[in-house]
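Down below is the structure, laid out as structure tokens.
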Amino acid sequence: MNDNFAAIPLFVAVVECESFSAAARRLGITKSAVSKRISQLESSLGVQLLQRTTRSLSLTEAGEQYFGYARNACVVAQEGEDAVTRLQGQPQGSLRISVPMVFGRLHVAPLIAHFLAAYPEVEINMMMDDQLVDLVEGGYDLAIRIGRLADSSLIARRIAPCHSVLCAAPSYLARCGTPADLEQLAQHNCLFYSYFRGGSEWLFEGPMGAVRFQPRGNYQVNNSEALRAALLGGLGICQMPTFIVGDDIAQGRLVEVLSAYRLPEHAIYAVYPQRKYLPAKVLAFVDFLLAQLGGERPYWDLPRR
């Protein structure tokens, strides 16, 4: 029976991840170890819980019933662990975080050493990727998300605003001219971030109200730092968040254009799965980010001294 209890988290992970491989990655063990434990669980219970094929995985009728109880058991166990760690006061344990690539490199990674110095009992496993991840499936405690959040069961805490500007290098503007309106902008080489969840259009709030603009240019890329390099190289005009180009604009390496046409303001959020007791390690990290990044006046938007 004790072996059955130990196999419950593995069974739940396999069902939630919909594969043995993904469950193994989430749990940090081998696929063969997961498969073996599930087979042992089925043998001990005397029923088949999972219907396996080469391309799919599904629950049997018995598996459906067992999963409901197994998942509840995992939730209760996690709530118990969260409650106990909160009583201990000092944040501790493994903290698994997902952050966007460029924001993570520029503004989160430099803070990790300071956080771990303040909370030496915490271990951080940070994944940097611009693709959205499933926090539950990936076993993440926390993620940083930028932009409008989709409706979900996740809890979100606003960390800072995210302002964007339209900008270009002085060398590009000297060569191609500075657009005075969107009609002139249409004649320029517009660079584009290909992972932008808002779609291919740029949305502006102009002098006459909201207006949509279709950028045209010879360079699209799924990395904002690559776009910044292209901008600094004088390739064209692009909309960029100030957490990437704020210092370039302050130093004159880039110039804001069409300031009368404002881009939508978004926000930077910390999101985490809903829990009865928020682990102290998660609360500590979110509070730390909020204090370090500056809240509603992040340091990248402050005038340079």
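Owing to the predicted nature of the structure, the values given are computational and were not obtained by experimental measurement. The chain is numbered in sequence order, starting from 1.
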Are [X] and [Y] packed together at the side-chain level, in the sense that at least one heavy-atom pair is separated by less than 4.5 angstrom?
X      : Y      : result
Leu258 : Leu182 : yes
Pro100 : Ile144 : yes
Asp130 : Tyr193 : yes
Val282 : Leu95  : yes
Tyr272 : Leu154 : no
Phe11  : Ile38  : yes

State whether Lys281 and Glu121 are salt-bridged, where the test is any N-O pair (Lys NZ or Arg NE/NH1/NH2 against Asp/Glu carboxylate O) under 4.0 Å.
->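 Salt bridge between Lys281 and Glu121, a charged N being under 4.0 Å from a carboxylate O: no.
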Residue pair Ser21, Ser19: steps toward the side-chain hydrogen bond (donor to acceptor under 3.5 Å, both in side chains) verdict | CA-CA 5 Å; Ser21 299; Ser19 84; 5.0 Å; no
Minimum heavy-atom distance [X]-[Y], with the two atoms named:
X      : Y      : answer
Ile244 : Ser224 : CD1-CB, 3.3 Å
Tyr140 : Asp134 : CD1-O, 4.1 Å
Pro170 : Val255 : CG-CG2, 3.8 Å
Tyr299 : Leu106 : OH-O, 4.4 Å

Between [X] (side chain) and [Y] (backbone), is there a donor-acceptor pair under 3.5 Å?
X      : Y      : value
Glu225 : Met101 : no
Ser39  : Ser35  : yes
Asn125 : Ser94  : no
Glu42  : Leu49  : yes
Arg228 : Asp248 : no
Arg52  : Leu50  : yes

Set of ring-ring contact (aromatic ring centres under 6.0 Å, His included) partners for Phe103, sequence neighbours left out | His107, Phe243, Trp300
What do you reckon, is CD of Gln214 surrounded by more than 12 foreign heavy atoms closer than 6.0 Å?
-> yes
Mind telling me whether Phe115 and Tyr119 have parallel, tilted or perpendicular rings, with 30° and 60° as the class edges?
-> tilted
Could you pull out all residues at least two apart from Arg262 that satisfy salt bridge (charged side-chain N to carboxylate O under 4.0 Å, His left out)?
-> none
Among all residues two or more places apart in sequence or in another chain, which pass the side-chain hydrogen bond (donor to acceptor under 3.5 Å, both in side chains) test with Asp287?
->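 Partners of Asp287 by the side-chain hydrogen bond (donor to acceptor under 3.5 Å, both in side chains) criterion, ordered by chain and then number, come out as Arg157.
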